[in-house]
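This report refers to the structure that appears directly beneath it.
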Amino acid sequence: MTELLRRFRSRPGVTGLILLASMLAHLLGLISALYVIQVLNRYVSHGVDTTLATLTVGVLLAIAFEAGFRIVRLRLAATLSGRADLNIGIGAYGVLATARSAALERLPPGQAREAVLGLEQAEAAYSATGLVGWIDLPFVLLYGLVVYLISPVLALVLFCALLLSVGMGLAHQAAMRQVTRASVERRATAHGLVASLIGGAEAVRLFGAAPRLIAAWTGNLAQLQALRRQAAQRDGLLQSGAMALQAVTTVGIIAVGAVQAVRGDLSVGALIGANILATRALQPTNRLAGLLAALTRAGEARRRAQALAALPQEAEGGGALGRFAGRLELRDLAYTPPGAPAPLFEGVSLALEPGAVLVLTGRNGAGKSSMMRLIAGLVQPDRGQILADGTDIRQLAPSWWRRQLIYLPQEPTFVNGTIRENLSDANPDLPEAGWHRCLEQAGAAAHVLASPKGLDTPISGDGMTLARGIRRKLALARALATDGRLVLLDEPTEGLDQEGVRAMYDLLIELARQGRTICLSSHDPRIVRAAGLELDLDEKPRPQLRRAGQGGPAGQPASIEAGR
Ligand SMILES: Nc1ncnc2c1ncn2[C@@H]1O[C@H](COP(=O)(O)OP(=O)(O)OP(=O)(O)O)[C@@H](O)[C@H]1O
């Protein structure tokens with residue numbers, strides 16, 4: 001309701017014109033009832049043809065103008081709905097794009113999708129017909145007033161019918177609120193189940209998850225259908241009730257009016273006219289239930305969209321350093337993954353001067369990838385600071401900070417689109433020759449050249465359909481496009497063939513030679529030996545920075561400022 005009023009208030013001029021057009025349409029709507037009264041009272045009793053012709057032409061003109069005003073107000077109302085709904089839809093999608101990725105991961109499957117797509121319900125509630133439906137409601141009083149002028153007793157009958165009609169609408173809304181909420185919940189579950197079937201297609205087939213998922217789908221669908229049946233039954237009940245009320249009102253008006261007519265207090269024409277007016281007066285109130293139901297659905301959709309908007313967002317502003325030299329410092333860093341009973345690591349402190357090479361080691365699950373994600377600002381530490389050239393990265397704009405990184409995640413994914421689109425997302429300013437250089441350095445050029453469409457080759461399934469080695473090489477090319485001073489490579493040689501591993505060693509040597517700060521996670525003994533510094537995340541109570549073995553492909557001198 002608040003949103004409804006907000007829309008009307010958002011453009012007072014347009015709202016005023018809609019009200020004016022509605023008033024004129026309803027005033028003209030009275031004319032057909034007055035026509036019946038005049039024809040029955042004057043023409044039927046006196047039989048003057050010119051009177052009938054004049055009245056008929058007059059009423060036809062009134063009907064034409066009424067239709068015209070109704071069309072005009074619908075067009076005006078459409079301007080109140082369109083732009084606002086577009087903004088809400090864009091806003092919800094934008095929230096998904098800027099929410100912290102860790103917060104998105106915690107959402108139950110299907111919830112985010114339902115929150116964004118469910119906003120269509122809001123569009124339906126605030127459509128042009130919905131808006132004019134609300135505007136029509138007060139004009140019920142106009143019809144009531146005219147019936148009152150014809151006969152106060154008939155107006156009382158109409159008043160009772162209107163009260164019943166509004167009561168039925170409110171009762172329907174109260175009954176439907178729970179059904180609507182439960183239906184949205186079921187739809188979100190359905191979205192999640194579809195995503196599991198598509199995202200984990202191979203696991204479903206290989207490990208026989210299909211029966212479990214189908215059983216879950218069947219249960220969910222059965223509940224959804226039961227809710228739809230419940231909603232349809234209630235709608236049917238309401239419609240039958242509205243029709244019955246309309247019929248009973250007619251009977252009431254005619255019966256009471258007939259008594260008055262026999263007593264000589266009311267003409268037959270006035271009786272029929274009052275009945276027509278009563279029928280028209282009930283139309284807006286009979287639509288009230290539909291309007292309220294649409295508002296309930298829209299309210300539920302907006303509630304979900306607002307919950308989405310309440311997700312923690314990546315910082316919008318934030319600064320940028322004039323030039324990032326590549327100095328990285330971790331101060332007393334602690335991190336606990338969502339749902340984990342204890343921190344992965346605590347009290348990690350170290351400083352890497354530009355050009356240092358650090359390797360993170362530790363068993364599976366020790367937190368190496370998590371450390372990379374912390375440095376990239378994708379997840380937030382429980383405690384401590386990450387400083388880039390002495391500035392806390394929380395004070396830096398995330399987009400700027402990520403442009404300083406050459407980051408290869410352990411399981412890189414792509415956005416569905418072409419290779420070119422994915423590469424240019426990382427650095428839109430890089431010319432085509434730059435792309436080819438990055439592809440060459442990452443060892444992915446041969447793959448792109450072998451594809452008939454080259455850089456325009458589409459990537460689907462988030463890139464997970466690409467061979468793992470190819471996917472990692474393409475992801476490395478994308479990472480290199482930033483030309484960042486801090487290199488974060490999560491298991492750089494994993495999934496690569498021998499030639500790829502050699503190329504990776506060469507690239508590491510080259511990146512180190514260029515004086516970039518390098519932070520790797522690796523189980524590859526050659527890389528561990530070659531790195532200047534090592535942080536073993538298995539070390540308790542707190543991992544300490546120490547010198548790693550010298551020599552090999554990526555060995556570089558580095559300062560040690562560990563264990564603070
Ligand atoms: N987003 C997340 N939600 C819940 N748990 C997470 C999340 N990210 C990481 N974890 C948990 O944190 C722990 C460390 O994971 P991480 O991937 O950082 O380890 P790792 O040292 O890189 O392992 P590996 O050597 O296997 O690559 C794991 O138990 C993992 O399940």
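For ligands, and for the atoms within them, numbers begin at 1 and follow the listed sequence. Starting from 1, each residue takes its place in the sequence as its number.
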Original post:
Contact between H523 and ligand 1, counting heavy atoms under 4.0 Å?
Top reply: yes
**OP:** If you have a sec, work out which protein heavy atom is nearest atom 8 (N) of ligand 1 and how many Å separate them, to one decimal?
**Re:** R373 NH1, 4.0 Å
Original post:
Short N/O distance, under 3.5 Å, between G367 and ligand 1?
Top reply: yes
**OP:** Going by heavy-atom distance to atom 12 (O) of ligand 1, choose the closest among P409, S101, A102, P337.
**Re:** P337
Original post:
Side chains of R186 and Q223: donor-acceptor distance under 3.5 Å anywhere?
Top reply: yes
Original post:
Does anything in residues 441-452 pair up under side chain to side chain donor-acceptor pair (under 3.5 Å), and if so which pairs, sequence neighbours excluded?
Top reply: none
Original post:
For atom 18 (O) of ligand 1, which protein heavy atom lies nearest, and how many Å away is it?
Top reply: S370 OG, 2.6 Å
Original post:
Nearest protein heavy-atom contact for atom 14 (C) of ligand 1: which residue, which atom, what distance?
Top reply: G365 O, 3.4 Å
Original post:
Just by distance, with hydrogens left out, do D524 and T493 show a side-chain donor and acceptor under 3.5 Å apart?
Top reply: yes
**OP:** Would you kindly say whether S349 and D332 are connected by a side-chain donor-acceptor distance under 3.5 Å?
**Re:** no
Original post:
Is there a heavy atom of G362 sitting under 4.0 angstrom from any atom of ligand 1?
Top reply: no
Original post:
So, D538 side chain and R363 main chain: donor-acceptor pair closer than 3.5 Å or not?
Top reply: yes
Subject >> atom 27 (O) of ligand 1 [closest protein heavy-atom partner, distance rounded to 0.1 Å] >> reply: Q410 OE1, 2.9 Å
Original post:
Quick check: does Y335 get an N/O under 3.5 Å from an N/O on ligand 1?
Top reply: no
Original post:
When you check the side-chain N and O atoms of E494 and Q410, is any donor under 3.5 Å from an acceptor?
Top reply: yes
Subject >> Pair T418-D456, side-chain donor/acceptor within less than 3.5 Å >> reply: no
Original post:
By number and element, which atoms of ligand 1 are closer than 4.0 Å to a non-hydrogen atom of A366?
Top reply: 19 (O), 21 (O)
Subject >> Contact partition for L344 relative to ligand 1, non-hydrogen atoms under 4.0 Å >> reply: side chain
Subject >> L474 side chain near L466 side chain, heavy-atom distance below 4.5 Å >> reply: yes
Original post:
Going by the atom numbers of ligand 1, which of them fall below 4.0 Å from some non-hydrogen atom of K368?
Top reply: 18 (O), 19 (O), 20 (P), 21 (O), 22 (O), 23 (O), 24 (P), 25 (O)
Original post:
Does ligand 1 have an atom under 4.0 Å from some heavy atom of P338?
Top reply: yes
Original post:
How close does the nearest protein non-hydrogen atom get to atom 17 (O) of ligand 1, and which residue and atom is it?
Top reply: S369 CB, 3.5 Å
Subject >> Donor on one side chain, acceptor on other, E314 and T98, under 3.5 Å >> reply: no
**OP:** Considering heavy atoms of the protein only, find what lies nearest to atom 24 (P) of ligand 1 and give residue, atom and distance to 0.1 Å.
**Re:** N364 ND2, 3.7 Å
**OP:** Sequence neighbours left out, what passes salt bridge (charged side-chain N to carboxylate O under 4.0 Å, His left out) with R234? Give chain and number order.
**Re:** none
Original post:
atom 1 (N) of ligand 1: which protein heavy atom is closest, and how many Å away?
Top reply: E105 OE1, 2.7 Å
